[in-house]
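Here is the naming used below: chain letters follow the sequence lines, and residue numbers restart at 1 for every chain.
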2 protein chains.
Amino acid sequence: MAAQRGQRGGVGGDTPPAPTAAEITTPIPRVADVPAARERARAVPEAAVARLAVYLRVLSAMQEQGAVTVSSEELSAAAGVNSAKLRKDLSYIGSYGTRGVGYEVTVLIEEIERILGLTRKHSVAVVGIGNLGHALANYGGFPGRGFPVSALFDVDPDLVGVPVGGIAVHHIDDIPRVCSEREVSIGVIATPPPAAQTVCDRLVEAGVQCILNFAPVVLQVPDHVEVRKVDLAVELQVLSFHVARRADDAAATGGRQVNGMVVS
Amino acid sequence: MAAQRGQRGGVGGDTPPAPTAAEITTPIPRVADVPAARERARAVPEAAVARLAVYLRVLSAMQEQGAVTVSSEELSAAAGVNSAKLRKDLSYIGSYGTRGVGYEVTVLIEEIERILGLTRKHSVAVVGIGNLGHALANYGGFPGRGFPVSALFDVDPDLVGVPVGGIAVHHIDDIPRVCSEREVSIGVIATPPPAAQTVCDRLVEAGVQCILNFAPVVLQVPDHVEVRKVDLAVELQVLSFHVARRADDAAATGGRQVNGMVVS
DNA sequence: TACCGCTTGTGAACGCGTGCACAAAGTCAG
DNA sequence: CTGACTTTGTGCACGCGTTCACAAGCGGTA
Ligand SMILES: NC(=O)c1ccc[n+]([C@@H]2O[C@H](COP(=O)([O-])OP(=O)(O)OC[C@H]3O[C@@H](n4cnc5c(N)ncnc54)[C@H](O)[C@@H]3O)[C@@H](O)[C@H]2O)c1
Ligand SMILES: NC(=O)c1ccc[n+]([C@@H]2O[C@H](COP(=O)([O-])OP(=O)(O)OC[C@H]3O[C@@H](n4cnc5c(N)ncnc54)[C@H](O)[C@@H]3O)[C@@H](O)[C@H]2O)c1
């Protein structure tokens with residue numbers, strides 16, 4: 001079993017414990033150390049990667065509205081970030097702007113897609129076709145973005161064979177075969193918590209390298225598998241924390257409050 | 001309209017870029033100047049808050065299995081984090097451990113619940129009862145954790161009046177009345193992207209202080225409203241990035257690969 | 001009571017990410 | 001061609017969060 005590691009993503013900034021070395025800030029910008037070549041991609045901070053995905057969506061919307069160029073100021077405002085942060089994020093992937101003008105929308109889209117690996121399609125398999133699994137399978141936003149949902153799995157015999165969102169549900173025993181046939185690279189786990197680890201193991205055996213986990217459990221995976229989790233209960237609890245903090249602040253500063261809401 | 005701010009949560013560590021005034025950076029990095037009393041709650045880093053929610057779930061599971069005390073080593077392993085990090089996280093909320101022994105499970109649960117504001121129930125309203133909204137409304141995990149889903153809204157006349165997950169769907173025009181009556185403190189947006197900002201504005205007008213947003217748009221909210229977003233497309237794209245990075249690494253080190261999968 | 005082993009709690013160092021501020025580099029007008 | 005203006009790209013400093021390492025503290029034992 002791989003050493004217990006934090007599951008990155010999902011909630012809060014969860015930086016992985018320094019994968020290795022890399023990201024060297026040598027005084028002298030050493031040109032060639034070991035791999036050296038496309039080393040740049042590795043140097044993009046995880047937080048920046050997530051934001052690049054947001055920029056990409058904003059850029060696509062701008063492109064549809066006919067925008068040709070965009071300044072860091074405009075783009076950052078639309079993406080809800082600081083303009084300096086945006087420029088730094090873009091600098092991680094190269095210099096594609098024109099000083100005094102801005103960035104060419106199409107160029108930026110291409111480069112971000114390249115860095116994010118979106119030039120290739122990534123087939124997605126969803127396991128656990130319950131409430132959430134149905135929603136994911138029926139969602140039209142993924143295929144359009146290069147993530148075709150190409151396999152569905154469940155353990156329930158009543159569900160196996162039933163088409164959901166256009167494709168038939170398979171039994172989980174078929175995970176290895178179907179995932180291999182359809183070249184699935186991302187597995188989504190939407191099963192009840194107790195089943196999540198088992199399902200995860202099967203996906204990993206089937207060669208799936210990336211997993212998006214909705215079940216509120218910490219998954220154990222080998223080092224070469226990337227896991228991100230989406231934990232809605234945690235999201236709600238973080239919001240709850242802010243309500244409480246605000247209520248405390250109000251109480252401390254003498255403001256009245258009703259049912260946790262500050263009435264100023 | 002409030003100044004454009006980063007939407008925290010969801011993906012990566014997204015610290016808001018200095019809201020406006022307030023949040024002064026005094027030469028001496030004094031954390032708390034005036035209230036001082038229960039100021040501790042404010043000092044808990046956002047990242048730690050998210051992890052506390054995870055610890056809480058693990059602790060609840062342990063309690064059900066009859067555990068009385070737990071060491072930082074055990075708890076951290078179960079939560080998938082470093083034990084030092086766990087102890088530091090717990091230290092933000094006080095000293096409730098016994099050296100040489102560990103933490104009493106019930107005490108820890110109580111204290112974390114207190115800090116997260118879970119001693120009070122937080123009514124949740126879901127807006128947009130489509131694929132995702134249905135899943136959320138039917139999900140049994142929220143009410144059990146102190147987050148009763150107590151109001152549903154949609155614009156579709158065919159949906160209004162229909163019961164979903166036990167409660168009837170209301171028209172969005174009723175947001176102010178119903179949210180007020182049922183003391184909703186958290187609003188969940190699961191509408192199509194174009195409708196999200198409008199829905200958000202209505203929720204804010206209705207006095208909702210916290211919003212969990214599933215629509216892939218950057219919401220504009222006043223400073224006193226807390227927004228967290230869950231962006232599944234971004235999650236997939238971050239995973240895609242890792243596939244690409246890994247493929248590059250393999251190519252650089254001479255490893256063979258098939259369809260983006262490294263064959264060692 | 002004195003000792004020993006175990007675990008907490010935290011001071012301090014480190015590293016990463018953010019934001020500032022500005023030089024470099026381009027455009028455009030005249 | 002020159003000079004004014006605009007916007008990028010980034011060096012640098014700061015602050016937050018993570019991690020290490022260990023003193024302090026507690027329970028058990030003789
Ligand atoms: N529905 C939500 O809004 C929501 C919100 C937060 C978290 N979650 C989490 O997402 C997961 C799914 O939630 P849901 O509401 O869709 O649950 P659900 O009970 O509606 O669906 C679970 C599905 O998984 C299938 N399943 C059970 N064991 C399986 C196995 N071993 N292999 C494959 N499939 C199996 C079941 O047959 C069922 O179809 C749960 O872990 C839940 O905690 C859901
Ligand atoms: N379904 C998923 O798995 C998924 C995944 C990622 C993101 N999302 C996002 O979540 C949101 C909802 O997705 P979905 O698949 O449930 O969409 P959906 O189309 O199934 O449902 C949207 C619902 O919102 C309602 N609606 C439309 N305008 C409204 C308004 N002004 N006020 C209130 N309700 C309104 C519609 O009547 C419909 O019932 C979208 O923004 C989508 O991008 C969904």
Side-chain angles (χ1 to χ4, degrees), chain A residues 5-6 8 11-29 40 42-52 69-77 80-104 107-108, chain B residues 5-6 8 11-19 23-31 40 42-52 69-77 80-104 107-108 111:
Chain A
R5 295 194 317 175
R8 52 198 119 334
V11 290
D14 198 331
T15 313
T20 40
E23 181 108 24
I24 335 92
T25 326
T26 31
I28 305 150
R40 213 169 38 206
R42 191 204 300 258
V44 184
E46 182 105 352
V49 172
R51 285 191 299 267
L52 284 171
T69 60
V70 61
S71 72
S72 65
E73 207 64 47
E74 295 172 88
L75 184 51
S76 66
V81 301
N82 186 306
S83 74
K85 192 188 286 188
L86 175 119
R87 287 199 300 276
K88 180 137 292 196
D89 287 345
L90 293 182
S91 79
Y92 291 129
I93 67 174
S95 298
Y96 303 105
T98 306
R99 297 173 190 228
V101 178
Y103 302 88
E104 209 169 320
V107 171
L108 221 44
Chain B
R5 296 194 315 173
R8 52 197 117 340
V11 288
D14 199 331
T15 312
E23 181 118 15
I24 334 94
T25 322
T26 31
I28 306 155
R30 194 72 66 84
V31 181
R40 215 169 35 206
R42 193 205 298 259
V44 184
E46 182 105 352
V49 172
R51 285 191 299 268
L52 284 171
T69 60
V70 62
S71 72
S72 63
E73 208 63 48
E74 295 173 87
L75 185 51
S76 66
V81 301
N82 187 305
S83 74
K85 191 188 284 187
L86 174 117
R87 287 200 299 277
K88 178 132 291 197
D89 287 346
L90 293 182
S91 78
Y92 292 129
I93 68 174
S95 298
Y96 303 106
T98 307
R99 293 169 192 234
V101 178
Y103 302 88
E104 211 169 319
V107 172
L108 221 44
E111 294 302 328

Which atom pairs link the protein and nucleotides 22-30 of chain D when you take only N or O atoms and keep those under 3.5 Å?
from    : atom 1 : to     : atom 2 : distance (Å)
dA24(D) : N3     : R99(B) : NH1    : 2.7

Could you work out, with side chain to side chain contact (heavy atoms under 4.5 Å, CB included) as the rule, every residue matching T98(B), not counting sequence neighbours?
V101(B)
Mind calculating the distance between CG (L86(A)) and C1' (dT7(D)) to the nearest angstrom?
12 Å
Gap between atoms CZ and P, on R51(A) and dG19(C) respectively (whole Å)
8 Å
Which nucleotide wins on minimum distance to the side chain of S95(B), given the candidates dT18(D), dT7(D), dT10(C)?
dT10(C)
Protein-nucleotide distance (E74(A), atom CD; dT8(D), atom P), rounded to Å
9 Å
Rounded interatomic separation in angstrom, taking CD from E46(B) and P from dG17(D)
9 Å
Is there a donor-acceptor pair closer than 3.5 Å between any side-chain N or O of E74(B) and the backbone N or O of S71(B)?
yes
Mind checking the OG-CD spacing from S95(B) to E111(B)? Nearest 0.5 Å is all I need.
10.5 Å
Are R87(B) and S83(B) close enough that some pair of their side-chain heavy atoms sits under 4.5 Å apart?
yes
Would you tell me if any nitrogen or oxygen in the side chain of Y103(A) comes within less than 4.0 Å of OP1 or OP2 on dG9(D)?
yes
With rounding to the nearest 0.5 Å, note down the distance linking OG in S76(A) to CG in D89(A).
10.5 Å
Look at the side chain of S72(A) and decide which nucleotide, out of dG9(D), dT8(D), dT10(C), has an atom nearest to it.
dT8(D)
Tell me: NZ of K85(A) to P of dA21(C), nearest whole Å?
17 Å
Bend of the helix from dT1(C)-dA30(D) to dG30(C)-dC1(D) from end-axis comparison, five pairs per end, nearest 10°, comes to 0°
What heavy-atom pair brings Y92(B) and A43(B) nearest, and what distance separates the two atoms?
CD2-O, 4.5 Å
Heavy-atom side-chain proximity of V81(B) to L75(B) below 4.5 angstrom:
no
Send over the distance from L75(A) CG to dG9(D) P, rounded to a whole Å.
12 Å
Would you say the side chain of L90(B) lies within less than 4.5 Å of the side chain of L52(B), judging by non-hydrogen atoms?
yes
For N82(A) and dG17(C), is the shortest distance between a side-chain N/O and OP1 or OP2 below 4.0 Å?
no
Given dG9(C), dT8(D), dC20(C), which nucleotide is nearest the side-chain atoms of S71(A)?
dT8(D)
Whole angstrom is fine here: how far is it from CG in L90(B) over to P in dT19(D)?
15 Å
Side-chain-base donor-acceptor pair under 3.5 Å for K88(A) and dG19(C)
yes
Can you check whether Y103(B) reaches T69(B) side chain to side chain, under 4.5 Å on heavy atoms?
no
